[in-house]
**Student:** 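Got a structure for you, written out below as structure tokens; questions coming shortly.
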Amino acid sequence: MWRLVILPQALRLVLPPLVGTVISIFKATAILSILAINDLMRAASRVSSYTFQPVEIYTIAALLAFAVGLAITWGGNRLENGLKRGWA
Amino acid sequence: MSLDWSLIARHAPALLQGLGVTLLIALVGLSIATVGGALVCAARRARSAALSRFARGFIAFFRITPEVVLIFWAYFCIPLLTGQRVSGFWAGSVTLGLIGAAYLAEIFRGGIETVPRGQTEAAQALGLKRYPLWRCVVLPQALRFSVPPLVNYFTEFLKNTTLLAAIGVPDLALQAYLLGGQTFRYLDFLTAIALIYFALIFPFSLLSRRLELRHAG
């Protein structure tokens with residue numbers, strides 16, 4: 001009953017807010033760079049402090065972060081469309 | 001180790017100053033967000049495909065890219081690109097304002113699209129021109145639909161202001177961090193600002209929940 005009736009319907013309802021939450025969490029990870037965790041942003045500020053080219057480094061970091069977020073959004077949309085067509 | 005409230009009381013002026021900066025960031029950022037959000041929303045709904053595509057890109061970019069990344073970019077890159085000194089306060093507030101504009105544009109659009117189509121059609125049937133149609137029929141209803149999510153986003157925005165501490169804007173969060181460093185009492189100050197932020201934001205989140213319930217009921 002769960003696998004065939006409830007989960008397919010529940011997943012379809014839950015997916016859009018779930019994708020939103022995943023994006024928020026992904027955005028929040030960038031904040032951890034302040035706590036000296038060596039993530040994308042920390043690496044960017046480290047590299048720019050010895051290459052003295054912050055414009056290039058930060059622009060690339062921003063585009064990379066955007067690309068990851070965009071990929072999550074697209075993945076979510078595709079999954080949503082798939083579920084709508086009854087594939088579950 | 002216990003909390004020393006007299007220590008916090010002694011440093012209250014610095015904390016209050018920080019609170020003032022936090023509120024000022026909120027004021028500047030939300031003003032930019034409101035005006036920008038209305039413009040982006042108008043562009044998003046425009047008949048011109050280029051305008052609408054630009055607005056869509058703007059919304060996607062500012063909603064998806066992490067706030068910290070944008071704030072760092074604005075703070076470090078804009079002075080180099082323009083050759084002008086930009087203070088952390090302005091770089092940060094304007095960046096938060098642009099991010100807010102992307103969110104508010106979607107909130108406004110949601111509000112406008114919630115107004116039943118029959119309302120517009122009835123107004124047209126009565127012979128209302130474009131301007132009075134928007135001014136007297138669509139916008140009053142759309143804004144009423146937008147209020148609960150707006151208040152909700154306002155709480156989100158207040159939380160985002162703490163990110164400006166990372167680029168040295170002396171807001172409440174940075175003041176507490178600095179005072180903690182000076183007195184070696186991080187526990188007291190960070191606990192104090194956690195309570196202050198909670199006290200600041202909780203009323204708005206209660207308000208937003210009440211507004212949402214009133215709409216549902």
Side-chain angles (χ1 to χ4, degrees), chain A residues 13-81 84, chain B residues 56-84 86 88 91-92 95-96 98-100 102-103 106-107 110 149 152-153 155-157 159-169 171 173-174 176-178 180-181 186 190:
Chain A
L13 281 175
V14 149
L15 201 63
L18 198 62
V19 172
T21 310
V22 171
I23 293 277
S24 311
I25 293 173
F26 161 70
K27 286 165 70 173
T29 58
I31 299 172
L32 294 193
S33 63
I34 297 165
L35 301 178
I37 291 172
N38 209 352
D39 74 328
L40 173 67
M41 219 39 216
R42 187 78 181 181
S45 57
R46 241 184 18 193
V47 173
S48 74
S49 71
Y50 64 74
T51 56
F52 302 109
Q53 286 179 314
V55 176
E56 290 85 344
I57 307 278
Y58 280 120
T59 306
I60 291 293
L63 290 178
L64 273 176
F66 175 61
V68 174
L70 204 58
I72 297 174
T73 314
W74 274 349
N77 283 347
R78 283 202 57 176
L79 205 57
E80 219 174 290
N81 286 335
K84 236 181 245 158
Chain B
R56 214 182 276 210
F58 179 93
I59 291 167
F61 181 74
F62 281 99
R63 278 182 22 144
I64 287 176
T65 317
E67 294 89 349
V68 185
V69 178
L70 293 173
I71 290 168
F72 269 63
W73 191 89
Y75 183 60
F76 288 110
C77 300
I78 289 178
L80 288 173
L81 290 175
T82 61
Q84 265 176 4
V86 179
T95 309
L96 285 182
L98 290 177
I99 296 169
Y103 277 93
E106 287 295 86
I107 290 175
N152 199 19
Y153 184 72
T155 66
E156 209 54 40
F157 192 92
K159 291 199 268 182
N160 280 348
T161 59
T162 53
L163 297 178
L164 296 204
I167 54 170
V169 180
D171 74 334
L174 186 67
Y177 186 70
L178 293 177
Y186 284 104
L190 295 183

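Reminder, nothing fancy here: chain letters follow the sequence lines and each chain counts from 1.
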**Student:** Which atoms form the tightest heavy-atom contact between B:Ala60 and A:Phe66, and what is the distance?
**Tutor:** O-CE1, 3.8 Å
**Student:** Can you see which heavy atom on B:Trp73 is nearest to which on A:Val55, and at what distance?
**Tutor:** NE1-O, 4.3 Å
**Student:** Indicate the atoms forming the closest heavy-atom contact of A:Ile23 with B:Arg63, along with that distance.
**Tutor:** CG2-O, 4.3 Å
**Student:** What heavy-atom pair brings B:Val69 and A:Ala62 nearest, and what distance separates the two atoms?
**Tutor:** CG1-CA, 3.3 Å
**Student:** Of the backbone (N, CA, C, O) and the side chain (C-beta and beyond), which part of A:Ile34 lies under 4.5 Å from a heavy atom of chain B, both, or neither?
**Tutor:** side chain
**Student:** Look up atom CZ in B:Phe76 and atom OG1 in A:Thr59, then write down how far apart they are to the nearest 0.5 Å.
**Tutor:** 13.0 Å
**Student:** Mind listing the closest non-hydrogen atom pair of A:Pro54 and B:Leu80 along with its distance?
**Tutor:** CG-CD1, 3.3 Å
**Student:** Out of curiosity, B:Ile71 CD1 to A:Ile31 CD1, how far, rounded to the nearest 0.5 Å?
**Tutor:** 8.5 Å
**Student:** How long is the span from the OG1 atom in B:Thr65 to the CZ atom in A:Phe26, to the nearest 0.5 Å?
**Tutor:** 8.0 Å
**Student:** Examine whether an atom of A:Ser48 lies under 4.5 Å from a heavy atom of chain B, and if so say whether it belongs to the side chain, the backbone or both; otherwise answer neither.
**Tutor:** neither
**Student:** Give, for atom CG of B:Asn160 and atom NZ of A:Lys27, the distance between the pair rounded to the nearest 0.5 Å.
**Tutor:** 7.5 Å
